[in-house]
Amino acid sequence: DTGVSQNPRHKITKRGQNVTFRCDPISEHNRLYWYRQTLGQGPEFLTYFQNEAQLEKSRLLSDRFSAERPKGSFSTLEIQRTEQGDSAMYLCASSQTDGSYNEQFFGPGTRLTVL
Amino acid sequence: LAKTTQPISMDSYEGQEVNITCSHNNIATNDYITWYQQFPSQGPRFIIQGYKTKVTNEVASLFIPADRKSSTLSLPRVSLSDTAVYYCLVGDGGSQGNLIFGKGTKLSVKP
């Protein structure tokens with residue numbers, strides 16, 4: 001399967017703990033995105049990378065959140081000192097910019113539950 | 001980025017054609033219109049994209065009037081497996097970093 005993969009699929013943690021999620025994009029895609037989705041809402045943009053450069057960050061991405069994409073391949077999203085409001089589905093997507101619309105391919109998501 | 005407005009929910013029966021209309025009054029000249037589909041516990045999946053007039057692929061058609069202030073996603077002969085949330089998005093193509101999703105339209109297909 002050459003789609004976008006995310007690990008873990010589910011994460012349960014206690015408030016105050018740190019968590020890290022991983023996303024492996026489609027190999028030839030140079031753009032990688034992170035979104036957050038809560039129940040009944042559409043995905044909300046968090047940040048995106050073009051290759052290893054983080055080009056845009058949403059104001060939703062507080063200082064407790066950090067994302068990296070070393071070497072322009074996989075990416076990690078870390079949440080420090082988790083809060084119950086961080087409970088959500090975290091989605092990763094990738095795309096290949098070619099001058100036309102960059103169709104984004106989404107992974108299955110990581111569901112975070114903060115107790 | 002343009003905001004979109006679409007119905008919160010729609011019901012249909014198997015075999016019917018379903019049309020979901022999206023309003024985007026402030027669409028910009030460079031914006032494309034794109035629809036994504038999302039099943040529970042999965043990430044969204046691209047369905048179709050267009051700029052003007054009509055676009056058709058193997059799963060759907062997209063109708064865009066001349067003023068481009070609205071668009072209609074048409075799903076022919078829906079089945080139970082088409083039950084999902086459908087999102088209408090507008091954006092300016094390759095230069096756009098992120099996608100802006102609304103709440104989408106929850107389509108329920110009944111037998």
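A note on names: the letters A, B, ... follow the listed sequences, proteins ahead of strands, and every chain is numbered from 1. Heavy atoms only: backbone and side chains are in, while hydrogens, waters and symmetry mates are out.
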_Linked, directly or transitively: B:Leu80 and B:Val78 (ILVMFWY side chains, under 4.5 Å)_ = yes

_Tell me whether B:Phe39 shares a hydrophobic cluster with B:Phe101, the cluster being built from Ile, Leu, Val, Met, Phe, Trp, Tyr side chains joined at under 4.5 Å._
no

_Pairs of heavy atoms under 4.5 Å with chain A: top-ranked of B:Gly102, B:Pro44, B:Gly104_ =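 Heavy-atom pairs under 4.5 Å are most numerous for B:Pro44.
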
Over 12 non-hydrogen atoms of neighbours within 6.0 angstrom of [atom1] in [X]:
X: B:Tyr13; atom1: OH; result: no
X: A:Leu39; atom1: CG; result: no
X: A:Glu68; atom1: CD; result: no

_Side chain B:Tyr36, main chain A:Gln104, donor-acceptor under 3.5 Å_ =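 It does hold such a pair.
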
*Which pair of non-hydrogen atoms, one from B:Ser41 and one from A:Met89, has the smallest distance, and what is that distance?*
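Closest heavy-atom pair between B:Ser41 and A:Met89: CA-CE, 4.3 Å.
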
*Taking all heavy atoms of B:Gly43 and all of A:Leu91, pick out the closest pair and write down the distance.*
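Closest heavy-atom pair between B:Gly43 and A:Leu91: CA-CD2, 3.8 Å.
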
*Once you round to the nearest 0.5 Å, how far does CD1 of B:Ile47 lie from CD of A:Glu103?*
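Going from the CD1 atom of B:Ile47 to the CD atom of A:Glu103 covers 11.0 Å.
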
*Identify which part of A:Gln37 has an atom lying under 4.5 Å from any heavy atom of chain B, answering side chain, backbone, both or neither.*
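Side chain only.
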
